[in-house]
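Working notes for the structure below.
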Amino acid sequence: MSVNTTPMPPERLLELDDVHVHFSMREGLVRAVNGVSYHVDRGKVLGIVGESGSGKSVTARAIMRLLSKNAIEAGGRIRFRPEPGKEVEISSLPRDGRQVRELRGGHIGMIFQEPMTALSPVHSIGTQIMRTVMLHRRVGKEAARARAIELLEKVQLPKPTEMIERYPHQLSGGMRQRAMIALALSCDPALLIADEPTTALDVTTEAQILELLKSLQAEMGMAIVFITHNFGVVADIADRVAVMYLGRIAETGSVDDIFYKPKHPYTRALLQSIPRLGQAPVRRLKTIPGMVPDPFNAPAGCAFHPRCAYAVPGRCDTLVPEVSLFPGDQSARCHLAGKLPEEVL
Amino acid sequence: MAIETLEAPVTEAAPGREEQLYTAKPWTLIWWRFRQHRLAVASLVFLVLLCVAAIFADFVSPYTPSSIDRLNTFSPPRAVHLFHEGAFKGPFVYALKRTRDPETARVTYEADREEILPVRLFVRGEPYRFLGLVPTDLHLFGVDHRRQRINLLGTDSLGRDLFTRLLYGARVTLSAGLVGVAFSFVLGLALGAVSGYYGGWLDAGIQRLMEFIRSIPTIPLWMGLAAALPIAWDPLFVYVLITIILSLIGWTHLARVVRGRFFSLKTEDYVLAARLAGASEYRVITKHMLPAMTSYIIAAMTLAVPEMILGETALSFLGLGLRPPVVSWGVLLQEAQNLRTISLAPWLLAPGAAVVLVVLAFNFMGDGLRDAADPYGR
Amino acid sequence: MLGYLTKRALWAIPTLVFVSFISFVIIQLPPGDYITAYAAQLRHGGEYLTEAQEAAMRQQYGLNDPILVQYWRWISNILLRGDFGHSLEWNAPVSSLIWERLGLTLAISTLSMVFTWIIAIPVGVYAATRQYSLFDYLFTIFGFLGKGIPDFLLALILMWLGFTWLNMDVGGLLSPRYESAPWTFDKVLNLLSHLWIPVVVLATGGAAGLIRVMRANMLDEMGKPYVETAYAQGLSERQVVWGYPVRVALNPFISTVGWALPALFSGDVITAVVLNLPTTGPLLLQALKMQDMYLAGSFILILSVFTVVGTLVSDVLLAWSDPRIRYA
Amino acid sequence: MTGTTNAMPEDALISVSSLKKYFPVTRGWLQRKVGEVKAVDDISFDIRRGETFGLVGESGSGKSTVARLILRAYMLTGGSIKFRRADGSVTDLTDLSDRELRPIRREMQMIFQDPYSSLDPRMTLLDIVGEPLVIHGVGSRGEIGDRVGELLGLVGLRPEYATRYPHAFSGGQRQRIGIARALALNPSFIAADEAVSALDVSVAAQNINLLQDLQEKFGLTYLFITHDLGMVEHISDRIGVMYVGRMVELGDTAEIFKKPLHPYTEALLSAVPQPDPRRRASGRRIVLKGEIADLANPPAGCAFHPRCPYATDLCKKEVPDLRPLGGREVRCHRAEELDLAGVEA
């Protein structure tokens, strides 16, 4: 596939172009990310949804160049614009080089799923934040401390001056996730990558964290790549949505288009299989037959075809579909995109 | 009404190899994984061979451990050759010429290149009772000569064959290790299981006991207990007591492993599922908990054997453990205690090499087992 | 934190009582007593003790009293007056025999421990960060060898090598000509040339084990999410490894400090016998063989106290270094 | 709170009254008891024959403990549990010994949350699914084999899989194996503890449908425990809402969702992110202050008062009782006067 070489449009912050990541395992080669392209504009929230094994977390780690040692970065281009007028091709930089390290934490912050284990157990919250601030801002200890207190206040942790002395095990899950957010935002990054940040939390805590992220986003203006398997969360926070299935983007578009005018059978089927609050009671949920295939032997052609209600034999099971474009910057990787019968959602 | 099935074929009838994997018994999986550790497999083979040789030591060794040869003291190891002056002769050793330095009165040995002694299988030699039962004089190998002997590892100060003594010593040392582990296993399993299964104050009490025992320095304690054994007692009885002393310390480690496994297994949902299906406590323990633990316990036991062997060797070496006429590796090493003997006859350190090899083999095997012990690890 | 430490320290008291009693019982275990052994020794030399003489000596040393009485007499003298009793074998107060040797033991053990740590920590960290590299394999082999070779055998081999190849006089801590000489630079050099064998012997055994512990801890920690977080902050690999997982991996390591010291004492007993060092080992062995009960008992007691105190120290260190325990 | 009569309502399969479970908090080297955690505190409810009773609440609310108490996996600290046997007789399970419980265990079973730890990895499906049959001595070896094949077919797995070990299966399939095991003895009651929470969206929907089909086919009664409000609304006839060991609201699912009576229920409902971008939660979402109360150290008065937007001084002092109100039960001092928002249809 040819790689797009034209410069990014001015509003663009991040652009992934045909990114491939493979893992060599004892059982064989896993093509965890198999040609993923998406983009995030400055100050926008991109939600990435998918079931387990769809490659959504791996893609995020590819942006941060944080893949494990057995990962093979098998192609594609990741471009990022740390400040207007500047463009960095992250994918061509050395993995642990100075430039990548400056981006990490400095221009791109990241928060993780497990607030229990994502913070160092033997350093206080303050120390962990201060270390990052001192590293990227090149300020002294006092200034870093002041910044840490300011950040903890921003994420609405009570008594920030005391809180910086606390250790993670002294905080609840929700408070830890707030501390994690403070750490990720410590250097005013242009982009925040949030990898299932609310999955491990209770629903009331999840609501708190979502509201916090939204208000911080409005205040600080950073863009967010929000990874989740929960369609409700995506609908709540995202401007644009990308739906992933088995290492590929099945469909991407504005949040309204994805939820109300899905073009890909997978998106549609997923939306139908979720029980919704206040829905007129139906006895049976719609389901997608079968299971997510084993990544070691992904189906040929469109990876979704064995489970797809509309699959065309001889086409969907042999040819990998191209991306079809629709108005409103919506695109779907399906042979039948735009030709599906209307269905009520 | 019809029950919805997983409509799309989940996995097509899995090809042979996969189906084999899916239906493989737990021990088969453990064996498959163990097999991948080549060092562990080699260690296993080595230990099995050594055990067989030790069990049949009287047959495998060419002499008896206490047969003295005054004209053959401190003779060096003899190499087994195949070629004599370029001609293939089958396995043989050269005869040994004994000369005495007239000035220092020191005995030196030199290979007599003229006389070759073929190594023969199943030779008649010193009489013994096979496995302590059948009287016979058949030995696996030896040389047919009235005066000359085959000493693969040389001889000691009394001209006794070190190879023979090493094999007999293996009997005592290895069995001391295994019996010691067996003792500590019984203690550790019992107390660890009680501790882990019942928990509460019983667990707390046993934990405290283990802390007490761990706070006693091992070697001085061993030494003290071993020194308490009277010299006059029957050597066999002393041997049993020494193994018990060794196991007195070792059990705490095993108990900890057992307790930890019990604790984690007790909270597994499948154990609760069995209980809720109405399974008795006995069934839960024997069908679910013990099978899940055995591989871990075997690994832990394997790793505990070398401790016991090292303990026996050290105590006997110091003269506090087993004593002659019992032959153990520690007893044999006593002869190698002073520097002059070592520089005169470095081959007397051979039992030390044997200890190192056996300890390493048990460690490698234990590591391999431990890695293979959990084939279902997520 | 303070409460935890107080409780921990208080808990050490019953342990010490228990340990001291065990020490005493061990000495009492063998049939017969010192007088029996002494009489046997005399007989060897052609002299005899009459039964009346034996009885009188037993009376004099209080050997006929019940064991608890003897224990109480022994322990109360130690606690109240620092009197460890009388060595029957040496015919001297035990305290005059042990302190110097104990000091030397402590010095050798501490030196060995420092060496152990200097070797084990960086090697363990390096082996874990470069898992399956040549270096990692080399040290795995070293670790296994260190575990497999008994201390006394290593001591024997080093002694033999030093003797035959380096032509050094080995054994003991000083060459005979320096033994009573005043301290000079040469004497120190001579001391060092003797000291390396016991230090190497003790450090090898310890380091081999600790490298494996450190490596395993590090591998465990490096897979944890907080390490990824640290990388995601833009820290370099060196900063991440030494700043985060090493900090955490050191915690279980610290808890071994308390045990390392007593383990070194234990190891020292045998090594010292082989190397003929003027430390506690040979004296303890001799005392045990002679059933010189006050001397042997004092040794075992002191070594046990070191163990208990060592465990206490490591608990304190652990609490100090790990906030999860400090604020539990 | 407990009624004067010990009789059980006609239509009830299970009747729980004043159920209590306190776990001791031990400390120190001799495991001295220093306090207790009231994991379940004075819970009463009935489960009607053939219905699905949903129990919702966040982590630490004690909902799983309730299920385990009903199945008598634990001893009760207080209260009683009555169960109507297949022959119509009522048995008091409260003080039965393990031996006495054995015949009753045939009639009540459980499905677990974690599809990995709930199946013994060292047993084949034949042994796992057949174990209840072996324990209760139902049938010969051959008969058990046939029955296991039949059960596997029932949950949509091939009977040939009986010789396989659990590691050959995916999470969703493992969950079905657990369902087959629970069905082995033809129970009348099944407690499903977060039975689909660990599964992907599409697989969860399949398994929910399976559970509903089985309920219809065998007339099963379910206790369905979950934190997923969408799922509980879809599957349950009635629900109980738990907060910190206590029941706060109990009643008909549709009514509670339409108009909750307890402020916690209201907050919970409003916190659920909906897969509907046009109904974004912002604005109408009630973001609760603070954290879920600590079980070991619950606040005085109503446990919810520190987070409750409607709390008065009375709430701080006095623990409200669970009391009937408009065909439901609610534990709130202000239930009558408050006009709380439910889920819009």
Side-chain angles (χ1 to χ4, degrees), chain A residues 57 60-61 63-69 95-125 127-136 165-171 176 179-180 183-184 186-187 189 192-193 195 200, chain C residues 1 4 121 125-133 135-136 214-215 217-255 314-328:
Chain A
S57 288
R61 279 168 177 73
I63 300 170
M64 291 290 266
R65 306 295 301 276
L66 279 176
L67 294 164
S68 60
K69 280 182 182 156
R95 265 187 67 144
D96 279 312
R98 195 180 46 80
Q99 284 166 292
V100 169
R101 278 189 274 128
E102 262 169 29
L103 290 177
R104 289 183 194 156
H107 299 279
I108 309 176
M110 187 157 179
I111 52 182
F112 300 91
Q113 175 174 356
E114 288 291 336
M116 306 300 270
T117 49
L119 290 166
S120 165
V122 296
H123 296 92
S124 67
I125 303 293
T127 313
Q128 299 188 45
I129 297 175
M130 282 157 65
R131 191 170 286 187
T132 308
V133 173
M134 281 151 73
L135 180 76
H136 292 289
E165 310 290 342
R166 296 287 186 88
Y167 290 89
H169 74 275
Q170 297 171 300
L171 310 181
R176 267 180 238 190
M180 187 70 228
L183 177 62
S186 55
C187 299
L192 176 69
I193 299 177
D195 186 3
Chain C
M1 167 82 170
Y4 170 77
I121 296 177
V125 171
Y126 189 88
T129 49
R130 300 277 179 276
Q131 203 189 356
Y132 305 133
S133 65
F135 190 81
D136 183 25
M214 190 67 195
R215 178 177 178 272
N217 285 352
M218 277 301 287
L219 285 177
D220 240 29
E221 290 303 324
M222 301 234 298
K224 299 223 170 125
Y226 72 86
V227 176
E228 190 175 31
T229 309
Y231 275 113
Q233 299 316 307
L235 298 167
S236 67
E237 184 178 354
R238 201 171 49 82
Q239 287 169 314
V240 171
V241 169
W242 287 95
Y244 293 86
V246 169
R247 263 297 266 114
V248 186
L250 273 179
N251 287 330
F253 208 76
I254 285 170
S255 66
S314 61
D315 280 353
V316 173
L317 284 176
L318 198 57
W320 167 74
S321 75
D322 192 339
R324 285 169 295 184
I325 295 173
R326 202 180 340 161
Y327 297 113

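Below, chains carry the letters A, B, ... as their sequence lines are ordered, and counting in each starts from 1.
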Original post:
Contact part of A:L183 toward chain C, heavy-atom cut-off under 4.5 Å: side chain, backbone, both or neither?
Top reply: both

Subject >> Under 4.5 Å from any heavy atom of chain C - which part of A:R98 >> reply: neither

Original post:
Who wins among C:E221, C:E228, C:E237 for the most heavy-atom pairs under 4.5 Å with chain A?
Top reply: C:E228

Original post:
Side-chain contact, heavy-atom cut-off 4.5 Å: C:Q233 with A:L135?
Top reply: no

Subject >> Spacing of OG belonging to A:S120 relative to NZ belonging to C:K224, to within rounding of 0.5 Å >> reply: 10.5 Å

**OP:** Against chain C, label A:M180 side chain, backbone, both or neither, depending on which of its atoms sit under 4.5 Å from a heavy atom there.
**Re:** side chain

Original post:
Counting a contact as any heavy-atom pair under 4.5 Å apart, which residues of residues 104-113 of chain A contact chain C?
Top reply: A:R104, A:G105, A:I108, A:M110, A:F112

**OP:** With sequence neighbours excluded, tell me which residues meet side chain to side chain donor-acceptor pair (under 3.5 Å) with A:Q128.
**Re:** none

Original post:
Would one find more than 12 heavy atoms of other residues, nucleotides or ligands at under 6.0 Å from atom CE of A:M134?
Top reply: yes

Original post:
Taking all atoms of both residues into account, what is the closest heavy-atom pair of C:R247 and A:V122, and its distance?
Top reply: NH2-O, 3.6 Å

Original post:
By ring pair (Phe, Tyr, Trp, His ring centres under 6.0 Å), which residues pair with A:H123, not counting sequence neighbours?
Top reply: C:Y244

Original post:
Do any N or O atoms from the side chain of C:T229 and from the backbone of A:A118 form a donor-acceptor pair under 3.5 angstrom?
Top reply: yes

Original post:
C:S236: what forms a side chain to side chain donor-acceptor pair (under 3.5 Å) with it, not counting sequence neighbours?
Top reply: C:Q239

**OP:** Could you look at A:R61 and say if it's the side chain, the backbone, both or neither that has a heavy atom under 4.5 Å from chain C?
**Re:** side chain

